[in-house]
Amino acid sequence: MTLKEPKNIPVDKSNEETLKENSLILYNDDVHTFDYVIDALIDICEHEIEQATQCTYLVHYKGKCDVKKGSFSELKPMKDALIGRELNATID
């Protein structure tokens, strides 16, 4: 009697795609002050002041910034709250 080696069973990776992480993107505008955007990121996205400041500078100089990652259901209320403060945001 010989021992058989276990067979490698392929792993289904389709579940990995459904758990894809989304990004909350904040876009630049010429209306709001740095302090206004920083306060919004702290209040809505729960950023620390340093992170909110860095994101605000990136938005200003690059035109947009990925301010938060997560599932769509986590990011949707944040996007709506940012839009409620008249900021431009999308989920990608």
Side-chain angles (χ1 to χ4, degrees):
M1 184 168 177
T2 60
L3 295 174
K4 291 185 179 181
E5 291 185 30
K7 292 183 180 180
N8 290 336
I9 301 172
V11 178
D12 181 18
K13 294 188 179 188
S14 62
N15 287 340
E16 290 177 16
E17 292 177 17
T18 60
L19 300 175
K20 178 183 165 197
E21 209 169 43
N22 297 291
S23 297
L24 177 61
I25 309 292
L26 181 64
Y27 294 90
N28 191 30
D29 64 35
D30 294 328
V31 179
H32 299 95
T33 65
F34 278 73
D35 288 336
Y36 183 84
V37 177
I38 290 168
D39 289 341
L41 291 173
I42 291 170
D43 294 344
I44 295 167
C45 299
E46 300 177 353
H47 284 192
E48 296 294 326
I49 188 152
E50 295 85 5
Q51 184 181 12
T53 303
Q54 289 174 347
C55 287
T56 303
Y57 276 104
L58 285 170
V59 166
H60 179 72
Y61 288 110
K62 300 271 186 181
K64 66 180 181 176
C65 179
D66 173 0
V67 296
K68 195 80 166 181
K69 288 193 180 290
S71 69
F72 184 84
S73 60
E74 291 172 335
L75 298 179
K76 176 82 165 91
M78 291 180 201
K79 179 190 85 112
D80 293 342
L82 289 170
I83 290 173
R85 293 195 187 193
E86 299 179 349
L87 296 169
N88 300 318
T90 60
I91 298 173
D92 292 339

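Because the structure is a prediction, the values reported are computed rather than measured.
The side-chain contact (heavy atoms from CB on, under 4.5 Å) check on Asp66 picks up Ser23, Ile25, Lys69, with sequence neighbours excluded. Applying the side-chain hydrogen bond (donor to acceptor under 3.5 Å, both in side chains) rule to Ser73 yields the partners Ser71; only residues at least two apart in sequence or on another chain are considered. Residues satisfying the side-chain hydrogen bond (donor to acceptor under 3.5 Å, both in side chains) test with Lys76, not counting sequence neighbours, are Asp80. Applying the ring-ring contact (aromatic ring centres under 6.0 Å, His included) rule to Tyr36 yields the partners His32; only residues at least two apart in sequence or on another chain are considered.
If you take SG on Cys65 and CG on Asn28, they are separated by 11.0 Å, rounding to the nearest 0.5 Å. With rounding to the nearest 0.5 angstrom, the CE atom of Met78 is 9.0 Å from the CG atom of Leu82. The distance from atom CG of Leu26 to atom NZ of Lys79, rounded to the nearest 0.5 Å, is 12.5 Å. The distance from the CD1 atom of Ile38 to the OG1 atom of Thr56 is 4.5 Å, given to the nearest 0.5 Å.
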Tell me which donor-acceptor pairs under 3.5 Å the side chains of residues 85-92 have, and how far apart each pair is, sequence neighbours excluded?
residue: Arg85; atom: NH1; partner: Asp43; partner atom: OD2; Å: 3.4
residue: Arg85; atom: NH2; partner: Asp43; partner atom: OD2; Å: 3.4
residue: Thr90; atom: OG1; partner: Tyr27; partner atom: OH; Å: 3.3

For residues 45-53, tabulate all N or O donor-acceptor pairs below 3.5 Å that involve a side-chain atom, not counting sequence neighbours.
residue: His47; atom: NE2; partner: Val67; partner atom: O; Å: 2.8
residue: Thr53; atom: OG1; partner: Ile49; partner atom: O; Å: 2.7

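For the side chain to side chain contact (heavy atoms under 4.5 Å, CB included) test with Leu41, the passing option among Asp39, Val37, Ile44 is Val37; the others fail.
Heavy atoms only, all atoms of each residue included: Phe72 and Asn22 are closest at N-ND2, 3.1 Å.
For OH of Tyr57, the number of neighbouring non-hydrogen atoms (other residues, nucleotides, ligands) closer than 6.0 Å is 12 at most.
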